[in-house]
Each structure stands twice: as C-alpha cells, then as structure tokens.
Amino acid sequence: MSTTRHDLTAAFAATGRNHPYLAFTLNSLCNLDCVFCKPRCMPDYGHKDRPLTTTDYAAIAAEAGTWKIRKAHCSGGEPTLRADILDVIAGLADGLGAGAAIGMTSHGNLRRGLSVETLRGAGLTYLNLSLHSLDPERSATIMGGGDPRTTLRTLDDALSLGLQVKINCVLQRTYLDDAFAVAELARDLPVAVRLIELQNIGPAQALFDTEFISEADVRDRLHEWFAGAGEVSRDQLGVRSPGKYLRPDGWAGSIGFISNSSCATCSDANRIKITPTGVARPCILHNRDIPLKPHLADDTLDDAFAHLFQAMLDRNTNDAWQGFHYVDYDLRWDRMERPEGAPVPLPLLPVLPSEAAQPSCTRASTGER
C-alpha cells in the first residue's frame, strides 16, 4: 500500500467524524412485507444472495479490528432467518475483539429455537427493533404480518439481559398516532425510539405524497414532550448513525429523529456497507464499491480496507450525496449496474424489461383513525 493503515486512520480521525463501522446486510429474505420496504417486490427475491460464509465474516472482522473498527451491525432482510446467525455474530465479536459493539436490526418475531439469550451468548450487545404500531391489526397492515406483542416481549428480554435497545419507527400520516404511542414507550423504558422520515424511493414512492411527514412537523405536534428536554449524546446511546436524541423531562428513555428526507446526513457518514454477496460500499450514491471475496481468497483484505478508508475520505468532495447516504437500498443495488466513479441517479429501483413479471409494489397504507 502506498498509504499506510496508520496514515489513513489518522486522516479519518482528523475529519472529526465518528470512526467507521461495518454494516452488514446478511440476506434479502424477510418473512414480513412492510409497505415502505416490500423486499418481495424484487423479481429475483432471495435467489441471488450468494451469501458470505461465517468464516468470511470472521476474517473481515479480524481485518477491520486492525483498522480500529470496533462496531459491526447486521441487518437484512430479516437477519435472524439465517440458520447460521449465531455463528455469524460470534465470528464478528471474536474478530473485532473485546469491547466491540455487535448489533442487529430485527422485527423481533424471532423464529423457533432462537432467543435473545442465545443471541447475547453469541456476542450480541445491542438490538434495534422495528415497531410501527402497538395495535396488532394496524401493525400487520403496515408490516405485512408479525405481532407487536411478540416484539415487545423480545424488547423486555433484551433489556433484562442488559442489551441496549433502540426502536425504529417509520413515520406515516395515516399511522401518526401509532408512531406516537410507540415513542411513548420511552417514557418508562430505557430505550431510544427513533422516528424515521419516510423516503421517496422504491416502494415508498407510492406512499410519499400522502404519507410523508417531516421531523419539524412532528416536533411541533410533540412540543409539550420536548419542552425542556435534554439532548442525549449518541456516544451515551452507543449510536454512530445520524440522528438527534432528546430525553423529555422525567422519561427513562429518549426519542430520536432520522430525517434523511428533510436533513442531509452525509457529512456525518461513517458506515461501510457490505452486501450479502460481499460487496463493500463506502458510499451508496457514488460507486467506489469493492468486492471482498477476491481479497478473502488472496488474503489481501488490508488492501481492500485501504481502498475503503480512502474512498470515505474522498466522499468529502462528492456532490451526489443529496442526503440519501443512509438509505438501506444496497440489496436492490446488488442487482444493478453501477458505473464506477459516477453518481447513480434516483429513483434507485432497477428498470425491469417490459416482459418481466412484476409483482405489485403499490400497496399503500390503509386504515383511518
């Protein structure tokens, strides 16, 4: 390498941004079907993951540890559907070393034979739960199945075992009262509820005009909660992604906002996305992708991480951010041609041939309150 590991990590530290962390998408499969995600709308749903092995994850984590990376996050799809999920978590924890943060995003309706206790035993230290309504019927309409009562039991188990817990709740006008009820869980529980703006991309395009509501509008509606609320540092919450977190007076937990539609976040970006196939993406909108499988085979992961760190440093000159860096859309991009070094235009879903069978992706939120 012409530039040393020390030089690159020092240069990144000088930017003032949080140190990078690994964000793995473990699969594209999900047994739910949220209206703003709808993974099953992909014509090749679940058939092209060609996932990394547990040995691959352990090797990537071990190399990342030499670059002072101390956090790995697993998402999907639904990551707990992987039969080897415990081995994946254990490999990441061992690779990054003692004191590393190992997390996961899940809908919390864990499959039979899997529990928060076994996940924690494998090395999980925090859990992000997707929860958009406390009402079972309304939740099923939003998420295409599942049961929020099961998610709440998973939440209780995680807290009792000492895991940090964050709740992800996507804001929709039709379900605004539901989101506020989810947010109010933080009144009595030491959790960070993250209210997430809807994004005008992919399946959510069918909802955006009628369902989008901004952080500013929500803050105005919840002004009594936030009057005199103290800000909670992201370090205190173990959070490295963008967001502002406030703890209303007397509450056990906090409320945060992730507002990619109304507030750009790329200046604070520090995630290295890694797809199920092992493609590492230091930036979602600008193609500096690098396949890790050849580097795993040739034992040259050090070169791969040098590329990733340099690409993250170069992102300071990328005018294509548009505030969309934190969109978790890499699964669909795994099936797209991405011209190297060129901005990729929105919308992000691939254009399918007219003769291709296209499942319906236009189911909007329903129900009135």
**Asked** Would a distance-only check, ignoring hydrogens and angles, find a side-chain to backbone donor-acceptor pair under 3.5 Å from Q310 to L8?
**Response** no
**Prompt:** Strictly by modelled atom types, are T4 and D7 linked by a side-chain donor-acceptor pair under 3.5 Å?
**Reply:** yes
**Prompt:** Can you name the nearest heavy-atom pair linking G145 to L32, along with the distance?
**Reply:** C-CD2, 3.4 Å
Side-chain polar contacts of residues 82-101 - donor-acceptor pairs under 3.5 angstrom, sequence neighbours left out - could you list them?
residue: R82; atom: NE; partner: D84; partner atom: OD1; Å: 2.9
residue: R82; atom: NH1; partner: L26; partner atom: O; Å: 3.2
residue: R82; atom: NH1; partner: Y57; partner atom: OH; Å: 3.2
residue: R82; atom: NH2; partner: L52; partner atom: O; Å: 3.1
residue: R82; atom: NH2; partner: D84; partner atom: OD1; Å: 3.3
residue: R82; atom: NH2; partner: D84; partner atom: OD2; Å: 2.9

**Request:** Taking atom CG of D249 as the centre, report whether more than 12 heavy atoms of other residues, nucleotides or ligands fall under 6.0 Å from it.
**Result:** no
**Request:** Mind checking salt bridge (charged side-chain N to carboxylate O under 4.0 Å, His left out) for R187 and listing every partner two or more places apart, or none if nothing turns up?
**Result:** E184
**Request:** Examine distances only and state if a side-chain atom of E78 and a backbone atom of H107 form a donor-acceptor pair shorter than 3.5 Å.
**Result:** yes
**Qualifying residues under side chain to side chain contact (heavy atoms under 4.5 Å, CB included), relative to D156, sequence neighbours excluded** = none
**Complete:** Heavy-atom closest pair (F180 atom, W225 atom, distance to 0.1 Å) is O-CH2, 3.6 Å
**Request:** Taking side chain to side chain contact (heavy atoms under 4.5 Å, CB included) as the test, write out the residues that go with E63, two or more places apart.
**Result:** R5, T66, W67, L301, D302, F305
**Donor + acceptor pair across side chains of T300, H295 (<3.5 Å)** = yes
**Request:** Could you please spell out the steps behind the side chain to side chain contact (heavy atoms under 4.5 Å, CB included) verdict for M104 and T80?
**Result:** CA-CA 9 Å; M104 175 188 295; T80 62; 3.5 Å; yes
**Request:** Taking the side chain as every heavy atom from C-beta outward, state whether Q172 and V35 have any pair of such atoms under 4.5 Å apart.
**Result:** yes
**Request:** Establish, from distance only, whether the side-chain atoms of R138 and T141 form a donor-acceptor pair under 3.5 Å.
**Result:** no
**Asked** Under a 4.5 Å cut-off applied to non-hydrogen side-chain atoms, are L134 and L185 in contact?
**Response** yes
**Prompt:** Do any N or O atoms from the side chain of T125 and from the backbone of I102 form a donor-acceptor pair under 3.5 angstrom?
**Reply:** yes
**Message:** Using modelled atom types and a 3.5 Å cut-off, is there a donor and acceptor pairing between side-chain atoms of R70 and backbone atoms of G65?
**Reply:** yes
**Request:** Fit a plane to each ring of H132 and F36, take the angle between them on a 0 to 90° scale, and name the class: parallel (under 30°), tilted (30 to 60°) or perpendicular (over 60°).
**Result:** perpendicular
**Asked** Taking atom CZ of R153 and atom OG of S115, what is their separation to the nearest 0.5 Å?
**Response** 14.0 Å
**Request:** Determine yes or no for a side-chain-to-main-chain donor-acceptor pair under 3.5 angstrom, with T154 supplying the side chain and T150 the backbone.
**Result:** yes
**Pairwise side-chain contact, I69 with H19, heavy-atom cut-off 4.5 Å (strictly under)** = yes
**Prompt:** If every non-hydrogen atom of S262 is compared with every non-hydrogen atom of E197, which pair is closest and at what distance?
**Reply:** OG-OE2, 2.6 Å
**Asked** Can you tell me how far CD of Q205 sits from CG of L198, rounded to the nearest 0.5 angstrom?
**Response** 10.5 Å
**Message:** Tell me whether the count of non-hydrogen atoms from other residues, nucleotides or ligands lying under 6.0 Å of CZ in R149 goes above 12.
**Reply:** no
**Request:** Would you sort out whether V170 and Y175 count as a side chain to side chain contact (heavy atoms under 4.5 Å, CB included), showing the intermediate values?
**Result:** CA-CA 9 Å; V170 174; Y175 297 99; over 6 Å; no
**Item:** Separation of S28 OG from L81 CG (nearest 0.5 Å)
**Value:** 10.0 Å
**Message:** Walk me through whether V165 and L189 qualify under side chain to side chain contact (heavy atoms under 4.5 Å, CB included).
**Reply:** CA-CA 10 Å; V165 177; L189 297 174; over 6 Å; no
**Item:** Contacts of A186 that satisfy side chain to side chain contact (heavy atoms under 4.5 Å, CB included) - sequence neighbours left out
**Value:** V191, V193, W251
**Prompt:** Have T151 and N109 got a donor and an acceptor in their side chains that come within less than 3.5 Å?
**Reply:** yes
**Request:** To the nearest 0.5 angstrom, please state how far the CD1 atom of I142 sits from the CG atom of D178.
**Result:** 5.5 Å
**Message:** Testing the basics here: between G256 and Y245, what is the closest heavy-atom pair and its distance to 0.1 Å?
**Reply:** CA-CD2, 3.5 Å
**Prompt:** Taking all non-hydrogen atoms of both residues, which atom of M143 and which atom of S130 are closest, and how far apart?
**Reply:** CE-O, 3.9 Å
**Message:** Between L131 and C169, is there a side-chain heavy-atom distance shorter than 4.5 Å?
**Reply:** no
**Request:** Specify the closest pair of heavy atoms between I255 and A183, including all atoms of both residues, with the distance to one decimal.
**Result:** CD1-CB, 4.1 Å
**Request:** Supply the atom-to-atom distance N27 CG to S75 OG, rounded to the nearest 0.5 angstrom.
**Result:** 8.5 Å
**Partner residues of R219 under the side-chain hydrogen bond (donor to acceptor under 3.5 Å, both in side chains) criterion, sequence neighbours left out** = E215
**Request:** Any chance you could lay out the side chain to side chain contact (heavy atoms under 4.5 Å, CB included) test for R173 and T210, step after step, and finish with the verdict?
**Result:** CA-CA 7 Å; R173 285 189 179 273; T210 57; over 6 Å; no
**Message:** With rounding to the nearest 0.5 angstrom, report the CG to CG distance, L296 to D56.
**Reply:** 5.0 Å
**Item:** Donor-acceptor pair, side chain of N168 and main chain of R194, under 3.5 angstrom
**Value:** no
**Request:** Say whether D157 and S160, considering side chains only, have a donor N or O and an acceptor N or O under 3.5 Å apart.
**Result:** no
